Amino acid sequence: MIKVTIDDIEIEVEEGTTILNAARMIGGDVVPPAMCYYSALPGTGGKCRTCLVEVAAGSTKDPRPMPKLMVSCSTQVMDGMIVKNKTSERVIENRAGVVEFLLANHPLDCPVCDQAGECDLQNLGFENGKEATRYEEERRTFEPIDIGDHIKLNMNRCILCYRCVHVANQLTDQRVHGALHRGDHTEISTYIEKAIDNDFSGNMIDVCPVGALTDRTARFKSRVWFLNPMNATCECTKCSGKAVVWMFGKEVYKVTTRQDKYGEVEQVDGKPQWLCDECRFDKKDVSKWTIEGARHIDRHSVISQGHYEKPNPLDNKPKNIK
Amino acid sequence: MQSLTNRSKMVSDKKMTFLEKLYLPAIFGGMIITAKHLFRKNNTIKYPEEQRVFAPVYRGQHVLKRDEQGRENCTACGLCAVACPAEAITMVANERKKGEEHLYREEKYAEVYEINMLRCIFCGLCEEACPKEAIFLTDRIVKTDDNRPDFVYGKDRLVEDVNNRIDVSRRQLTGKRKEK
Ligand code: SF4
Ligand code: SF4
Ligand code: SF4
Ligand code: FES
């Protein structure tokens, strides 16, 4: 076990932990935002630069500060390391700059985008960005395309986090989807417009932090804040069958994986609860699901408007009443 | 105890004098106040012969605007509905098809857009929330009716006519939009 200090809070973590994960163990405001790192997908991270932190002292042995800001998702902690996130002016200023870069080519079409309301880029911009844009150049644009029957790719909105590429690599047996070209010209695409119809490819919709990959079966059906997310399970031989069904009245509008507070798929005993495409796209009928109850939604989220969790009467029962 | 304002009065239950018991001075006092009002300027007007001038920020019946090319501005983003404290707005979105580009400005449009004028409290928050400058409150008055369902205004009554535009420039010249 080694000791690190993040924003003046000390914690003991195992060797080999990244700064980001150490911060997540503390939780709360010290956790840097992460757009490309995804805990359930090994190899992700290091692309978006939103998780930059200042390392004020490298370790007890060598307490010199690191000259540049470090990516917390891919930097491992050292014994005696002192990290500054929220307490560092430099980090705050740099993060605003990173947001500006991520938005440089972004179309800002939130009113049209299905991801609005549950979009990591919106949250990032809201919390760390500047109010106005200074960008005057022509933005690069693409036509939205269908990759397969179920997924819409809107390349304009992509921030090139490569999470979906890792999904294709790690969850599907035959990858037909990846990144083309380099640098500023990079675009996510499929192998010559090949349809994506692998059993687990639907998960790339959930890992995509923005609205670049969206569910065609739920396209423009409603906005997330009008839907009621419910925890539900179903019998499935291919996947865990643990999902969140987004209901509008008695209708199921969309099905997604269960996500933790960082927007990453929930893990049970270290196993990510991915959903197969059949559960995700074809079971749009309540009778196919066993509803466990309302999913907890943070009250700061717009989704919590009109979303009521029934209080369990047994939870608050005074102790002296039998 | 010290009073917060100097307007508080001590209450007493002393016996009324004979003059007070007659009540006549109090009645005359009241009559004089009434009579004074006869010669004051009226606060009311004789509607509909006379009509008041509306303030530029008057909030009446909504309009869904079109842009210069006659395309509907609204993209069914749902922000007006989530901002509405009276939950008066509902909508169903649809995807714009090829060849409909002259009808709708964005890829997505409102196929159904309804405001229940009985629920609406004309607060103008929908206008405030709209990112597309699509919905505005105007100086038109919502007509009376004796049938409740008729107060649910659909797109037929909300979207402005291409050839008969509704001027909202007066509203845009006031308040926060003016500063921009
Ligand atoms: S499509 Fe989404 S998941 Fe894939 S690289 Fe772009 S932003 Fe990331
Ligand atoms: S004016 Fe206020 S109450 Fe009426 S529809 Fe708009 S937001 Fe709702
Ligand atoms: S009127 Fe404006 S706020 Fe309401 S759905 Fe249309 S674009 Fe969105
Ligand atoms: S989350 Fe660390 S670089 Fe993207």
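Proteins come first, then strands; the chains are lettered A, B, ... in the order of their sequence lines, and each starts at number 1. Keep in mind it's a predicted model, so treat the numbers as computed, not measured.
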So does B:N43 have more than 12 non-hydrogen atoms from other groups sitting under 6.0 Å from CG? no
Per-residue tally against chain A (heavy atom, under 4.5 Å) across B:A76, B:P131, B:A93, B:G78 peaks at B:G78
Does atom CZ of A:F101 have more than 12 heavy-atom neighbours, drawn from other residues, nucleotides or ligands, at distances under 6.0 Å? no
Counting heavy atoms not belonging to B:D13, are there more than 12 under 6.0 Å from its CG? no
Approximate separation, where rounding is to 0.5 Å, of B:M91 CE and A:F226 CZ: 5.5 Å
Are B:L79 and A:W225 side-chain neighbours, meaning at least one heavy-atom pair lies under 4.5 Å? yes
Any chance you could measure A:Q305, atom CD, to B:E87, atom CD, to the nearest 0.5 Å? 7.0 Å
Minimum heavy-atom distance between A:P111 and B:K108, given as atom pair plus value: O-NZ, 3.2 Å
Cut-off 4.5 Å, heavy atoms of chain A, and the answer for B:E95 is both
More than 12 heavy atoms from other groups under 6.0 Å of CD on A:E131: no
Starting at CG of B:N94, measure out to CZ of A:R219 and round the result to the nearest 0.5 Å. 10.5 Å
